[in-house]
Amino acid sequence: MWVNFAKTGNPSTEAHRWMRFDPENRATMVLGDEIGLEYDLMSGQRILIEPMVKYRFNGYYMMVDYALLYLRKRFVRGLFSLFVVDAMILGVWLIVRMNKSKLISQSQ
């Protein structure tokens, strides 16, 4: 199976067909003393834990607590960057305004 997987990307052999995992049938190849395909392996445990998974993990498989800290940090950095850009724009606007008023007073 390892050799077939390395050669072709498919671990199936003539003796054992390895099916692609599908969330509906949940086919899982069990490798042990005997090799065999089982459907919805450990369904009882999956049914118990499934409601909790959506609260503890996001799509990146990070714990939500970690993801929230990461997002909070990114949000603060974003706000800081926005503040810096706004301060730069205000500074340029003030310089232009002061130069404009100097030009007006000199021309009079």
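Just so you know, these numbers come straight off a predicted model, no measurement behind them.
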Subject >> side chain to side chain donor-acceptor pair (under 3.5 Å) involving Ser12 - partner list, sequence neighbours excluded >> reply: Asn10
Subject >> Partner set under side chain to side chain contact (heavy atoms under 4.5 Å, CB included) for Arg74, not counting sequence neighbours >> reply: Tyr70, Arg77
**OP:** Identify whether Met19 and Met29 are in the same connected component of the hydrophobic contact network (ILVMFWY, side-chain heavy atoms under 4.5 Å).
**Re:** yes
Original post:
Looking at residues at least two apart in the chain, or sitting in another chain, which of them share a side chain to side chain contact (heavy atoms under 4.5 Å, CB included) with Asp86?
Top reply: Leu82
Subject >> Under the side chain to side chain contact (heavy atoms under 4.5 Å, CB included) test, residues paired with Trp93 that sit two or more places apart >> reply: Leu90, Arg97
**OP:** Report the distance from atom CD of Glu24 to atom OH of Tyr39, rounding to the nearest 0.5 Å.
**Re:** 13.0 Å
Subject >> side chain to side chain contact (heavy atoms under 4.5 Å, CB included) evaluation trace for Val92 with Met88 >> reply: CA-CA 6 Å; Val92 169; Met88 289 171 56; 5.6 Å; no
**OP:** Begin from the C-alpha positions of His16 and Thr13 and carry the test side chain to side chain contact (heavy atoms under 4.5 Å, CB included) through to its verdict.
**Re:** CA-CA 5 Å; His16 303 287; Thr13 63; 3.8 Å; yes
Subject >> Residues forming a salt bridge (charged side-chain N to carboxylate O under 4.0 Å, His left out) with Arg26, sequence neighbours excluded >> reply: Asp40, Glu50
Original post:
Mind checking what makes side chain to side chain contact (heavy atoms under 4.5 Å, CB included) contact with Thr28, not counting sequence neighbours?
Top reply: Phe21, Leu41
Subject >> Minimum heavy-atom distance between Ile35 and Leu31, given as atom pair plus value >> reply: CG2-CD2, 3.8 Å
**OP:** Please round to the nearest 0.5 Å and tell me the distance separating atom CZ of Arg17 and atom CG of Leu37.
**Re:** 8.5 Å
